[in-house]
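The model shown is predicted, which means the values in this text are computed figures rather than measured ones. The first residue of the sequence shown is numbered 1, and numbering continues consecutively from there.
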Amino acid sequence: MTSAWSRRTFLATSAVLTAASGGALMLATPGAASASPEDDPYAALRTTWSALLLGEGFSPTAEPFKSRLADLGAKASQWLEAMAPAEGSLWPDAVFADPDPDTDAESYVLSGRMADSFVRLNTMAQAYRQQGTGLTGNTGLRDAVLTGLEHLNTQVYNDGQTRYGNWYSWQIGAPQALLDVCVLMYDSIVPERLARYCAAVDHFVPDSAVASYTGTSTGANRVDLCRVLALRGVVGKSAAKIALARDALSPVFPLVTKGDGLYADGSFIQHTTVPYTGSYGSVMLGGLGLLFALLKGTTWEVTDPKRQVVFDAVENAWAPFLYNGLVMDSVAGRAISRGEVDDHRRGHPVLASIVLLGRGASAAENARWRALVKGWAQRDYYSPPLNNPSLGLTALARIKSVLDDTALAPIAEPAGHRLFPDMARATHRRPGWAASLSMADRRTTYYETGNGENLRGWHTGNGMLYWWGDTFANGQYSDAFWPTVDPYRLPGTTVSRKVLADGAGGDWGVALPDVNWVGGVTDTKRAAVGQYLKGLSSTLMAKKSWFFLDDTVVCLGAGIHGRDGAAVETTVDNRNLGPTGNAPFTVDGSAKPVTAPWSATLSGASWAHLAGHGGYVFPGGATVKALRENRTGRWRDINRAGSTDPVSRKYLTLWFDHGTDPSDATYAYQLLPGASEQRTAARAADSGWLRVLANTDEQQGVAVPSLGLTAVNFWFGASVGPLVADAPCSVMVTEHADGTATVCVSDPMRMRTSLTLTWNRAVASVVSKPGTVTSATAGASLRLVFGDLSGARGATQTVKVRLA
C-alpha cells in the first residue's frame, strides 16, 4: 500500500483532477440547478431528491437544527482532514482492498468499509450543500468529495470490478450513497465522470436485480434496490431506469402468505422467517415514502392501486409495535445488538417515515397519522426524538413540524390486543402499560444472527414477555439491556441452561422449532395465547400460556421437560434497574435488601413487588428465587462490531428453578405492570379472583368470574371447566353485562378440517357467526361445529350469542 498523501498534496492533486476533467467545476451557488425544472424533468427530480436529503421548512439558526448542522460540519471536517487517498483505501482507517476476495467474514468487513467510504463522502457533500455547517459552499470540501468519488471509482467501484464480501455493500450501501452525492454535487461533476459512475451502478445493480421477486430482492431490500435504480435514472437521465424502479415496487405492495413482506394480520417478515417490522420494515416504510415523494406529480408517479396496502399497514402493522416513540425489540431482529441505536432511536425514524408517507396518502389518513406521531413523540419522555443524535436532519424536521402544529391534537395510545399469528407475536395495550410477546414456530425463527450480530439472542423466541409503563420503565430495554442481561434469563422465557455457543442454530434465522401449536385467540381487548416450546439445540419441551387481561397477564407453564443435564428455569421477570438503581423489593410485605449482590429462595411466596415497576402474584403460593446483582458486559460480546468498553447495570431477577432434567414441571404467576404494593397484595389476597381451570401438558385454562371470562388453550381435545373441545384449539368466552356473550375460537396449528366446541351454558340464540361455522346449536348448551379451519391462518373466529 502506498503511503498516505499529505494534506497539501491531496488538495493540489484535487485541483489537477478537476482541471483534467474538463476545467473548473465550481458550484456558483450551492444547490443551483444546471437546467430549469420546468424544462428538464430530471432537474426537477434532482431538486426534489435534494430537498428530501437535506430537509426543508426549518431554520438553520434555530435549535435543534443549529447544533445538528454544526455537528454535520464537524463530522465532515473530520473526514476532510483525515482523507488520504492510497492504494486500497480513501481513509487509513477504512481499508477496503481485499487480498483474498471471497465471501468470508474478512471480505464482509472490507466490502463494508468500501460502502462506508461512500457514506462519508455523502456526509461531506451534505455539509457542503447545507446551510449553517461552517463548510457551506467550501471549495476545498467540494474538491475533496470529487476526488474521493474518482478515487473510489478508479480503485474499487467500477464496471470492471468483481464484488466480494457482502452483496448489500455493492448493491445497496455503496450505490445509494454514491448516487446521493451525484445528485447533491451534480453541477460540479462533468458528464464523463457521471457516465462512469452510472456504468458502475449498472454493473453491480443491473436490471436483472429486480427481474424476479426472490432472494435478496424482496421486501425492504427490493425497495432499496428500486431506490438505486430510480436515482440511477435521475442522475443518468434514463426514463427507462426510473420506470423500471417504479414498476419493480409493485411486488412489494400485495399482501403475502409466505416469505418476505406484509401479511393480512399485520405481520412483516424479512429473511423468510424473521419478524422485522422495527428494522427492515422501517427501512421499507422509509424507502417507499421517499420514492412516492420523489415521483409524485411526475410522469413516473407510483399509481399502482395496491399501494393502499402499504398505507393501511401504517396502523395495521407498524402502529401496534410503537409505544411512546419506541419500536418494540420483539420485531427488531438482530438490530437489538447494535449499541448505538436502541428501541427509541429505531422508533423515531419510523415516526418520520409515517409523516413522509402521509404526503402520498389521503387527507384523512395524513391527518390521523400526524396526530398519532405527535402523540408518540410528545410522550417519549425517556428519549425525546428531537434529542436523538442519530436522527437525520430531514427526519428531525418532519417530526418537529408535527410537534409545532398547534392545530393538531395528539392521539393517545390505544387500548387493546393484537395477535400476529403469521410471525408468532402479540402486543397488548392497557391504560398505563403495554406488553409484547415473542414466540417461535415452524414459520418463525427462534432468533436471527448474522454478520456477527445478535450472537446471544438464542432465547428471545422462547416466550419473551416485554413490558413498559406509560410514564415509567420506557428505558427498560434501551439502557444497555442486551449486553448486560443474562441471556438465559430473559423475562417470561422458559430455558435450558445448557451452554450454547455464540450464534448457535445458524445464521439468518434458519433455526426453526418443529412445532405447530403457537398462537391463540383475541377479541381485540383480551387474549389467550399459547406456545408449544421446544428449545434451541436442547431437549427442552414445555407448554406455555399467557392470558392477557385488563390489569394483568396470567402466565401458566406445564409439561416442562429436559434431558440436557442442565437446570431448566422460567424467568418471571428480569428488570433492568440502571447503573445505580436500588428499587425496593418486597415479598409478602417483607422488605428485602437493596444492596447487591443479594439472593434468596422465597418459599411459599404469595406475592412480590418491585417499586417503580409493578407486582407479581403467585396463586396458591410458590417457591421462587430472587437475585439482585450488578452485571457487566460489552456490546462486543453480542455483536462483533460493537464497542469493547465494559458497561454495568443492576438487575432484580425472579425465576422458577425447575431443577436439572425436570419432568412435567409447572409454574403459575400473574404479572401486574405498574401495580402498587397495596394493589398487588390485595390481588393475592383475593383467592377467588382467578381460577386456574387446568395447567397440564394437555390443557391450560383460567376463569375470571368478575370479568365473565373463561379461556382455555387445548393442546389436546378434552373437557375443561364449562368448555369441551374435540381437538386442539384455543378458546376464549366472555359474558357481557347486556346478556350477550362472545365466543372466540382459533386453530393455531392450522390443521383442523373440523372442530366441535361445546360451551355448557344456556344460550338463547346465536346472533352472528363466521362462515367457518357449519352448525350452531343453542339451548341448554351451545354447540359449535366448525368446518375447515386450516386456511384461516390461525385467525380468531368470533361467534356472538344471546344468553338464556
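- For an aromatic pair to be called close, the ring centres must be under 6.0 Å apart, and Y669 with Y616 fails this.
- When the options T494, T493, N462, T666 are evaluated for a side chain to side chain donor-acceptor pair (under 3.5 Å) with T570, the one that passes is T494.
- The ring of H609 has its center no closer than 6.0 angstrom to the ring center of F585.
- If you run side-chain contact (heavy atoms from CB on, under 4.5 Å) between Q797 and each of T772, L755, L757, D747, only T772 comes through.
- Centroid-to-centroid, the aromatic rings of H613 and F472 stay 6.0 Å apart or farther.
- The residues R443 and D441 are annotated as salt-bridged, a charged nitrogen and a carboxylate oxygen being separated by less than 4.0 angstrom.
- Exactly one residue among L627, D486, D573, N574 makes a side-chain contact (heavy atoms from CB on, under 4.5 Å) with Y651. That residue is N574.
- Taking the six-membered ring where the residue is Trp, Y477 and F481 present perpendicular rings, their angle passing 60° and hence far from 30°.
- Using a 4.0 Å cut-off between charged nitrogen and carboxylate oxygen, R761 and E735 count as a salt-bridge pair.
- A donor-acceptor pair under 3.5 Å is formed between the side chain of Y323 and the backbone N or O of D470.
- Salt bridge present: R649 and D479 bring a charged side-chain N and a carboxylate O closer than 4.0 Å.
- Taking the ring axis of W467 as reference, the NZ or CZ atom of R575 stays within 45° of it and closer than 6.0 Å to the ring centre.
- Remark: P584 pairs with A611 by the side-chain contact (heavy atoms from CB on, under 4.5 Å) rule, at least two apart or across chains.
- Classification of D422 and R750 as a salt-bridged pair holds, one side-chain N sitting under 4.0 Å from a carboxylate O.
- Annotation: salt bridge (Lys or Arg N to Asp or Glu O under 4.0 Å) contacts of R526 (sequence neighbours excluded): D550.
- Judged purely by distance below 3.5 Å, without hydrogens or angles, the side chains of Q699 and W715 never pair a donor atom with an acceptor atom.
- Between F321 and the choices W468, F420, F268, Y466, the ring-ring contact (aromatic ring centres under 6.0 Å, His included) rule is met once, by F420.
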